[in-house]
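Okay, so here's the structure we're looking at.
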Amino acid sequence: MPDRKHMPSLRLPERVRAPRPQRIILPNGLPLYCINQGQLEVARLDLVFRGGRWTEQKPLVATGVAGLLMEGTHRHSAAWIAEQTDFYGSSLGASFSMDSVEVSLFGLTRHYAHLLPIMMEVVCAAAFPKEELQSFIAYHQARLLIDLEQIDVVAFRVLTEKIFGTHHPYGYNSTPEAYAQLTQEDLLQYVHHHFHAANAYAVLSGRFHLKLIDHVCEQLAQLPSQIAQHPPQIDPPPAPTGVYQHVYMPHTSQTAIYLGRRLWPRHHPDFPAFYILVTLLGGFFGSRLIKRIREKLGYTYNIYAEMETMAHDGYLLIATETATERAAETLSEIFAAIRRLQLEPPDEEELRMLRSYLLGNLLAQLDGPFNQADYVRTHLTEQAPLDMVERIIHTLHHIKPHTLQELACKWLDPQVLTVITVGPKKIPHRKKPKPYAY
Amino acid sequence: MIPFEATTLHNGLRVIAHRDPGTPLVAVEVLYRVGSRDDPPQRTGLAHLFEHLMFGGSAHASNFDDALQLAGGENNAFTNADATNYYNTLPACNLEIALWLESDRMCCLKLDEATLRIQQQVVIEEFKETTYGEPYGDAWHHLLALAWKHHPYRWPTIGQSPAHIAAISLEDIRAFYDRYYHPANAVLVIAGNVNPHHALVQAEKWFGELPARPMPLRQLPVENPQGPRKAEVHGNVKVEALFLAWHAPARTHPDYHAAELISDLLDNGPSARLYRRLMRERKLASHIDCYLSSHIGPSLFVIEGRPAKGVSLVQLELAIREEIARLCEELPSMRELTKVQNKAEANLLFGEIQVLHKALNLAFFEMLGDAAMIQTEHLKYRQVQRHDIQRVAQQMCSPEREIVLYYLPQQ
C-alpha cells in the first residue's frame, strides 16, 4: 500500500549546465556553433544575420526580406525551391526578429547534401521578384485587416508603440501604407548590407557525423566576407511614463488589458533576479496573477507577466483578456498583486515552489539539441553571456526574499507602467495607486 | 522505432513505459477515453469543463499544480472529441510524484460547488476568447452542425454555447467522473529517462490498488452522410471565407492514410497544390488551408479559403473545385506521391524528438487499439499507391455529400 498522505520524497536537479557548443571559425570569418546530440539523424542549420529591424533603412524591410527570401533566386523559381525541399521531407524557411533575419534548414541529415546548396543559393542569390513582392504586400495588407479586429493584437501594438515610440525600430507598427512602400530595391539593398560573414553566425544542431560539419563549413564558406557596417544611430525611446489609454472596439466580447514598461537587455545586472520576480508575478501556473485572478476569482482564462528582451533594450509585459464587466476589478487586482510584491517579501514556502519550478523549467528549456540551439541563438543574437542560465540558477539558490521586494519597488513602480485597455467599454477612470515609498 | 514495455493492471489500466536515455526528464501522460462526444446534448462542453476541475485537488494532494511544481514539473491537459489528455513533464528522479498525483485524482478527486463555479467562469471566458475573440472563431460551430445531425461530433469540444457550460451542475460533474474516470477507461504512459521495468513497478504501486469499475458503454449513432448541405452565416469579420468539407475515413479505416496524403498533396508545405496554384500562381486566395479534423472516426476533410482582394468567393470556390476534380480525374505523378510520403515519414520522425510527444503518441495509438501501431505507421503511408489517391478522392469528395459554409461579413 503506498503512503498517499505524504508526497513521495523529491529531489531537484543538482546541476543545470548551460550549453557549451563547439565553435569553429570559417576562413571567411563566420563562426559556426555545433551542438551534436540526440538520437535521431535529424539536424537543423540556422544561419543568423544580425540587424533585423534595428538596422532597417525603412520600416518592414527585414519582414519583407524574410517573407520573400524563398520566392525565387536568379537561377531557380520559388516553385522549384519549394518542391525540392518538400520532396526531401525537410523545411527551409526564413524568419525575422527585432534583431535578426534567420534562414533555417531542418531535415534528415542524409538529405543535407541535396539541401545545403539550395539554402546557400537562397542566401546568396535571392531575386525578390517584383510580382512576388506585390502579392506579399497584398497578402499582408489583407492579413492586417483581419488581425486588427482582435483586441489582443491591438493592445499589444498600442503598448509597444507607447513604450518605444512610433518611429523606434522596436516600437513601430506595420500599416498598409508601410507595406505598400516596400520596393524590390529595398530588399536587395538590405541583403547586400547584411548577408555576409562578418555580420552572421551559424548554429548546427542535432545528431550528425563529423563529415556533415565539413560539408556545412564548405557551403557556408561561400558567404562573402565583407566588413561589418557601422550600426545606425537610433534615438532612444522616451523615458517611461505611465500612460492610460483605452481603445474603443464596440463589438468585442471581452476587454484586453495590457500593461508594460521599458526595461533593458538581457545582459543587464538585474536580469537574473528580475526574471525570477516576473515568474513569481505571472510566469507560471503557480504565479500570483494566475492563482488569484484566474483560480480564485475566475475573471479570465489566461493572464501572464513576462520580460521580453532584445539586443538593445527590453520591456515588461502583463497581459490578459477578461470579461468586460470584470475589467476594472481585474486591473485593480493586477495593481494589488504588484503592490503586494512591493510591500512584503515572498515567504519561504512560496519561494521554495518557485525555485523548484524554475529549476525544472530551465532543465526542460535545455532538453535536447534543438532547445539548446534556440537558447544559443537567443543569447548570441542578444549579445548576452552563454552561461546566463547558470547565473539565473545561482541567483535562484541565493536570492533573499527582501531582494525580490526591492526589485519590485525599483522596476514595478505603478507610476511608470503604461496601461492599455481595448474593448467595448472604457474602464472607469481611477486614480493610479500611489508609488511605493522607498 | 519507439521501443516500449506494456502491461494491463488487474483493474484494467493499460500502462506503457518507454526509455529515452537522452533526456533528464520523464513525461507522464494519462489519457482518458472520454471526450466531447460523451457530453450530454443539453450540457455540451462538459468533458472540457471537467478537465479544468481535475486540477482542483484530490483527497491526499490538496493542490495538484503546487505539488507538481515543487517537484520541478510542468503540466497541462487538452480535450478533444474523443479523449482527454493530462500530461506532466518533470525531472526523471521525481517520477513517483507525478504517479502519486495522477493516481490520487483518478480515484479521489475533490469536487465542490465553489471550484465548479469559478471554472465555469474561466471556461466561459475561454469560450469568448477562442470563439468570439478570434476571426471566424465560431466557424467550427456552424461547420460541425452542418456535417452531423445526430452524431455527438455535431458540437465542438468547447461546447455549443456559454449557456450550456453555465447550466452544468455538480451532480452532472459527479456522474461524469464516476462513469469515465477510472483505471479501465484510461491509458498511462511513462516515457523518459527511466528503466521501463521500474516504471511498470511504480505504476503498479500507485495505480494497482484503485478499484476496478466497468467500462462505460457507448452507443454512438452511425450517421451516413447524405445530400449536399450548404449554409451562409454572418460574423464580425472583414473578409469573407469559404469552408468546404466532406466526411472522411475514420482513423482506423484502411483508407485513412490515403486521405491524409490527399490533404498533404493539396496543402502541406510550400509546393502543395492549393498553396502553389491558388495562392502563388493564380493569386485567387489570401489564405488556404486543408486538413483532416482530429476526430478518430469518422473525421472531416476540410478546405478553408479566403479570396484575395478583388476575387469573389464563388471564383475561389470554383478554383478549389477544379483542384478537387483534378485529384479525381488524374493520377498524381510518382514523384508527387513520393514527396508526400517522404514528408509524412519525416514528420513521424520529428514527432520522436521530444519525449512528451512520444508519450502522447503512444497513448493515442493505444486508444486506437494498440500502441504498437506507432511502429508501422510509416509503412502505411508508403503502401498508398497512386490509384489509391484517386480512388479515395473520388469516394470522399463526392458532390452529393459535400458540406459548404459561406462565412460572410455582417451586412
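Values reported hereafter were calculated over all heavy atoms of this structure, with side chains retained and with hydrogens, waters and symmetry mates removed. Just so we're on the same page: letters track the sequence lines, and every chain starts at 1.
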Answer with side chain, backbone, both or neither: which region of A:E83 has an atom nearer than 4.5 Å to a non-hydrogen atom of chain B? both
Do you know which of B:D65, B:I97, B:N76 has the most heavy-atom pairs under 4.5 Å to chain A? B:I97
Using a cut-off of under 4.5 Å on heavy-atom pairs, state which of A:P369, A:A142, A:G360 scores highest against chain B. A:G360
Is A:A364 close to chain B through its backbone or its side chain, or both, or neither, when contacts mean heavy atoms under 4.5 Å? both
Report the option among B:E345, B:Q341, B:Q119, B:E281 that has the most heavy-atom pairs separated by less than 4.5 Å from atoms of chain A. B:Q119
State plainly whether the residues A:R326 and B:E125 are in salt-bridge range, i.e. N to O under 4.0 Å. no
Is the number of heavy atoms from other residues, nucleotides or ligands within 6.0 Å of NZ (A:K425) greater than 12? no
With a 4.5 angstrom heavy-atom cut-off, could you sort out which part of B:S103 is near chain A: side chain, backbone, both or neither? both
Count the heavy-atom pairs under 4.5 Å between each of A:M70, A:Q141, A:Q37, A:E132 and chain B, then report the option with the highest count. A:E132
Measure distances from B:L68 to the heavy atoms of chain A and classify the residue's part below 4.5 Å as side chain, backbone, both or neither. neither
Would you say the side-chain atoms of B:N342 pair up with the backbone N or O of A:F87, donor to acceptor, closer than 3.5 Å? yes
Check for a donor-acceptor pair, side chain of A:R294 on one end and backbone N or O of B:I118 on the other, with a separation under 3.5 Å. no
Using non-hydrogen atoms and a 4.5 Å limit, figure out which bit of A:I146 sits close to chain B: side chain, backbone, both or neither. both
Measuring from atom CG of A:L366 to atom CG of B:L25, what distance do you get when rounded to the nearest 0.5 angstrom? 10.0 Å
Distance alone, cut at 3.5 Å: any donor-acceptor contact between the side chains of A:Y357 and B:Q69? no
At a heavy-atom separation under 4.5 Å, does B:K128 approach chain A through its side chain, its backbone, both, or neither? both
Quick check: are there more than 12 heavy atoms from other residues, nucleotides or ligands sitting under 6.0 Å from CZ of A:R15? no
The reported gap from CD in B:E129 to OG1 in A:T320 (rounded to nearest 0.5 angstrom) is 7.0 Å
Applying a strict 4.5 Å limit to non-hydrogen atoms, the region of B:K309 in contact with chain A is neither
Heavy-atom distances under 4.5 Å only: say whether B:N268 touches chain A with side chain, backbone, both or neither. backbone
Any idea which heavy atoms bring A:P2 and B:E209 closest together, and the distance? CD-OE1, 3.4 Å
Using heavy-atom distances under 4.5 Å, tell me whether A:K291 contacts chain B through its side chain, its backbone, both, or neither. side chain
Determine the option with the most heavy-atom pairs under 4.5 angstrom with chain A, choosing from B:L356, B:V340, B:T23, B:D66. B:D66
Under 4.5 Å from any heavy atom of chain B, what part of A:R355 do you find: side chain, backbone, both or neither? neither
Would you say that more than 12 heavy atoms from the other residues, nucleotides or ligands in this model lie under 6.0 Å from the NE2 of B:H234, or not? yes
Against chain B, work out which of A:S90, A:A323, A:G368 has the most heavy-atom pairs shorter than 4.5 Å and name it. A:A323
Which of A:L359, A:L108, A:T300, A:L362 touches chain B most, by non-hydrogen pairs under 4.5 Å: A:T300
Atom CD of residue position A:E349 - does it have more than 12 heavy atoms of other residues, nucleotides or ligands inside 6.0 Å? no
Interchain contact, A:S91 with chain B, by part (heavy-atom threshold 4.5 Å): neither
Chain A heavy atoms under 4.5 Å from B:L90: which part of the residue, side chain, backbone, both or neither? neither
Proximal component of A:F285, with respect to chain B [non-hydrogen, under 4.5 Å]: both
Crowding at CZ, B:R382 (>12 non-hydrogen neighbours, <6.0 Å): yes
Side chain, backbone, both or neither of B:A61 within contact of chain A (heavy atoms, under 4.5 Å): neither
Heavy-atom check, side chain of B:E352 versus side chain of A:V42, under 4.5 Å: no
Under a 4.5 Å heavy-atom cut-off, does chain A meet the side chain of B:V239, its backbone, both or neither? side chain
Please state whether the side chain, the backbone, both or neither of A:A256 comes within less than 4.5 Å of a heavy atom of chain B. neither
Could you grab the distance from atom CZ of B:R306 to atom CZ of A:R143, nearest 0.5 Å is fine? 5.5 Å
So what's closer than 4.5 Å to chain B heavy atoms on A:T252: side chain, backbone, both or neither? neither
Heavy atoms only, distances under 4.5 angstrom: which of B:G22, B:P135, B:P21 has the most pairs with chain A? Name it, please. B:P135
In terms of heavy-atom contacts, does NZ of B:K110 have more than 12 from other residues, nucleotides or ligands at under 6.0 Å? yes
Check whether A:D152 gets within reach of chain B through its side chain, its backbone, both or neither, counting any heavy atom under 4.5 Å. neither
Heavy-atom distances under 4.5 Å only: say whether A:L145 touches chain B with side chain, backbone, both or neither. both
Return the CD to CD distance between B:E126 and A:Q254, rounded to the nearest 0.5 Å. 10.5 Å
Over all heavy atoms of both residues, which pair between B:A346 and A:G89 is shortest? Give the atoms and the distance, please. CB-O, 3.3 Å
In terms of heavy-atom proximity below 4.5 Å to chain B, should A:M1 be classed as side chain, backbone, both, or neither? both
Counting heavy-atom pairs under 4.5 angstrom with chain A, the leader among B:R276, B:Q354, B:K238, B:K283 is B:R276
Pick one of side chain, backbone, both or neither for A:H6, based on which atoms fall under 4.5 Å of a heavy atom in chain B. backbone
Find the distance between OH (B:Y136) and CD (A:E149) and round it off to the nearest 0.5 Å. 9.5 Å
Determine the minimum heavy-atom distance between A:D3 and B:W206, stating which atoms define it. O-CH2, 3.6 Å
Measure distances from B:A272 to the heavy atoms of chain A and classify the residue's part below 4.5 Å as side chain, backbone, both or neither. backbone
Looking at every non-hydrogen atom in both residues, tell me the closest pair between B:Y275 and A:E71 and how far apart they are. OH-OE2, 4.2 Å
Which answer fits B:T89, side chain, backbone, both or neither, if we ask what part of it has an atom under 4.5 Å from a heavy atom of chain A? neither
Please classify the contact of A:Q39 with chain B as side chain, backbone, both or neither, using a heavy-atom distance under 4.5 Å. side chain
With a 4.5 angstrom heavy-atom cut-off, which part of B:E336 approaches chain A: side chain, backbone, both or neither? neither
Looking at A:R11, is its backbone amide N or carbonyl O close enough to the side chain of B:N94 to form a donor-acceptor pair, meaning the two atoms are under 3.5 Å apart? yes
Mind listing the closest non-hydrogen atom pair of A:D86 and B:S271 along with its distance? OD2-OG, 2.5 Å
Per-residue contact mode, B:F55 against chain A (heavy atom under 4.5 angstrom): neither
Closest non-hydrogen atom pair between B:G133 and A:Q150, with its separation: O-CG, 3.7 Å
Distance (rounded to the nearest 0.5 Å) between B:D20 CG and A:D367 CG: 8.0 Å
Against chain A, label B:Q120 side chain, backbone, both or neither, depending on which of its atoms sit under 4.5 Å from a heavy atom there. neither
